[in-house]
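Notes for the one structure printed next.
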There are 2 protein chains.
Amino acid sequence: MAQPRDIIGRAPSLAETLAHRLREEIASGRLQPGERLPTEHQMAETYGVSRPIVREAVGRLKHDGLVTTRQGAGAFVAEPGAASTFRLDIADLSDKVEMRAIVELLMAVEATATAHAAVRRSDEDLARIGAQLDAMQDAIDRGEPGVDEDMAFHRAIVEATGNPYFRDLSQFLDHRVRYFIRTARANTARLGGLPQAVQREHEAIFGAIGKKDPVAARAAAEEHLRNAAARLAVYLTP
Amino acid sequence: MAQPRDIIGRAPSLAETLAHRLREEIASGRLQPGERLPTEHQMAETYGVSRPIVREAVGRLKHDGLVTTRQGAGAFVAEPGAASTFRLDIADLSDKVEMRAIVELLMAVEATATAHAAVRRSDEDLARIGAQLDAMQDAIDRGEPGVDEDMAFHRAIVEATGNPYFRDLSQFLDHRVRYFIRTARANTARLGGLPQAVQREHEAIFGAIGKKDPVAARAAAEEHLRNAAARLAVYLTP
DNA sequence: GAAGTCCTACTTGTCAGGCAACTTGGTTAT
DNA sequence: ATAACCAAGTTGCCTGACAAGTAGGACTTC
């Protein structure tokens, strides 16, 4: 079986490789929904691996909701939509186009989340957001970049939406973007650009949420993310 | 080891159960990033399962990017942000609140995608979208609900964004919502309500994209999804 | 005494074989 | 013809083992 390299250059396990192949078989439609997969013994033979490896690979697809297994009956590919995971594998971490696409998605989610937060936030939510804003200001005054405080500020906002899926997806994308930047350019700790500029944008967002103005909140969030993307761009290859 | 039931009532595999526990350990912070997990032998003993089961569980976390393993060294929990999958596990399929939260997220993604499509669409994109619109009309004329055509119409739009992440997430959420409705209420084939009403909303979206008007496109998409959510609500428990 | 080298215990990756639980389809008995 | 039954096949799980790689201590050498 072919042994492709992962993004770090390490050889993935046999199970990972086989899972990837099966995933492609399903995605391409060569394995139709409802169709039964070959038995574990057959797959073990055709791919030249042992049965535990096949089990591990099938287990991952099952984990992702792509197949279901019935003891004694076999493994069947699930219908599209049964998949319970959204996979965000980025080909080239340092590619500007890729990063722009991700940030664009983050912008859509977080801008809408901010608008929702403006409408639904309780006074306690607002207080929590304000506290994080102050914490960030304190960090800036101490001369720190305030990365953690920055993240906590945004987290407090998406928490205020009251929609756990918004919160989780937003956090996921946010972490992902920051992580990629960090690995692509390990030098800079200042992810958000000049802290003062970031803080002013944060204050605009906070103000809109305080006034319960969803349109202004969305606009402020979009402006903030647009600027953040522009600041990040300098770290990326053209 | 406790054997919880999954949403369908089947007992998940031991590996799935263990993976879930480890996932919680990480999410809760009891296992800090960079920290080493117990060895497979230790985990096998403490959880009362065999090593292959532990391997399968750890393999899934590795698959999701939550841990990394180094042969001879051990398994280490990755830093937040390294996770490459976004999980969308819904507790209660027929719960109105859950469904509303999901649809709200879908609305954010798809409305923004529609706005982007309006700005960036090529003439070929527009033609493809129009073709799907016509196909849906044909299906309606034949007295069919046109579910597949409906999905194809939306797919053509998100394709036109030129952003694969928008496309994939949109498709994922769309599939997910339709799937849940289908399983929660297996009776109805007409997911979208009256086809004529759906079609009129589709035409509004198409018109806005044709005029390259992002604001109108967003509004039309939001209107469409709001109505779709309202139509779905009758199938759900209060 | 300090530095470098080697070696051993440990950990993960993989394999082989086997038993239990379950499904399925055909066979047999009624 | 129908119902009960059985046997082959499949997944779920386990034990035991070996190979490959890591890490830390012991040993040698300067």
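In what follows, every heavy atom counts, from backbone to side chain, and hydrogens, waters and symmetry copies are set aside. Chain identifiers are assigned alphabetically (A, B, ...) following the order of the sequence lines, protein sequences preceding nucleic acid strands; residue numbering begins at 1 within each chain.
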task: Check whether any side-chain heavy atom of A:P164 sits under 4.5 Å from a side-chain heavy atom of A:R167, and report yes or no.
output: yes

Interatomic distance where CG belongs to A:L14 and P belongs to C:dA16 [whole Å]: 12 Å

message: If we ignore hydrogens and angles and just use 3.5 Å, is the side chain of B:T161 paired with the main-chain N or O of B:N163 as donor and acceptor?
response: yes

Nearest-angstrom distance from the residue atom CD1 of A:I53 to C1' of C:dT14: 6 Å

query: Can we say A:D138 and A:R142 salt-bridge, meaning some charged N sits less than 4.0 Å from an Asp/Glu carboxylate O?
result: no

- prompt: Roughly how many Å is it from CD in A:E45 to C1' in C:dA16, rounded to a whole number?
  reply: 15 Å

message: Salt bridge or not between A:R100 and A:E104? Use side-chain N to carboxylate O under 4.0 Å.
response: no

- prompt: Could you state the CG-C1' distance from A:L18 to C:dT14, rounded to the nearest angstrom?
  reply: 14 Å

Rounded interatomic separation in angstrom, taking CD from B:E56 and P from D:dT11: 13 Å

Could you run down the sub-3.5 Å N/O contacts of the protein with nucleotides 16-18 of chain D?
unit_1: D:dA17; atom_1: N6; unit_2: B:R51; atom_2: NH2; d: 3.2

task: Using the test ring pair (Phe, Tyr, Trp, His ring centres under 6.0 Å), find all partners of B:H224 that sit at least two apart in sequence or belong to another chain.
output: B:H154, B:H202

query: Is the backbone N or O of A:G59 less than 3.5 Å from a side-chain atom of B:R60, with the two atoms forming a donor-acceptor pair by type?
result: yes

message: Using side-chain heavy atoms (C-beta onward) and a distance below 4.5 Å, is B:I140 in contact with B:Q199?
response: yes

statement: By nearest-heavy-atom nucleotide on DNA chain C, the more 5' of A:F76 and A:S50 is A:S50

message: To check you understand the geometry: which heavy-atom pair defines the closest contact between A:L37 and A:F76, and what is its length?
response: CD1-C, 4.2 Å

query: Between A:M151 and A:Q171, does a side-chain contact (heavy atoms from CB on, under 4.5 Å) hold up when you go through it step by step?
result: CA-CA 9 Å; A:M151 290 181 64; A:Q171 287 281 298; 5.6 Å; no

Just the table, please: protein N/O against nucleotides 23-25 of chain D N/O, every pair under 3.5 Å.
unit_1: D:dA23; atom_1: OP1; unit_2: B:R70; atom_2: NH2; d: 2.4

task: Round to the nearest Å and state the distance from B:Q71 atom CD to D:dA19 atom P.
output: 13 Å

- request: For B:R36, enumerate each residue passing the salt bridge (charged side-chain N to carboxylate O under 4.0 Å, His left out) test, keeping only those at least two apart in sequence or located in another chain.
  value: none

- request: Ignoring backbone atoms, test whether B:T69 places a side-chain nitrogen or oxygen under 4.0 Å from the OP1 or OP2 oxygen of C:dG13.
  value: yes

- prompt: Taking only residues two or more places apart in sequence, or in another chain, which ones meet A:E25 in a salt bridge (charged side-chain N to carboxylate O under 4.0 Å, His left out)?
  reply: A:R30

message: Contact list please: residues 35-44 of chain B against DNA chain C, heavy atoms, distance less than 4.0 Å, in numerical order.
response: B:T39, B:E40

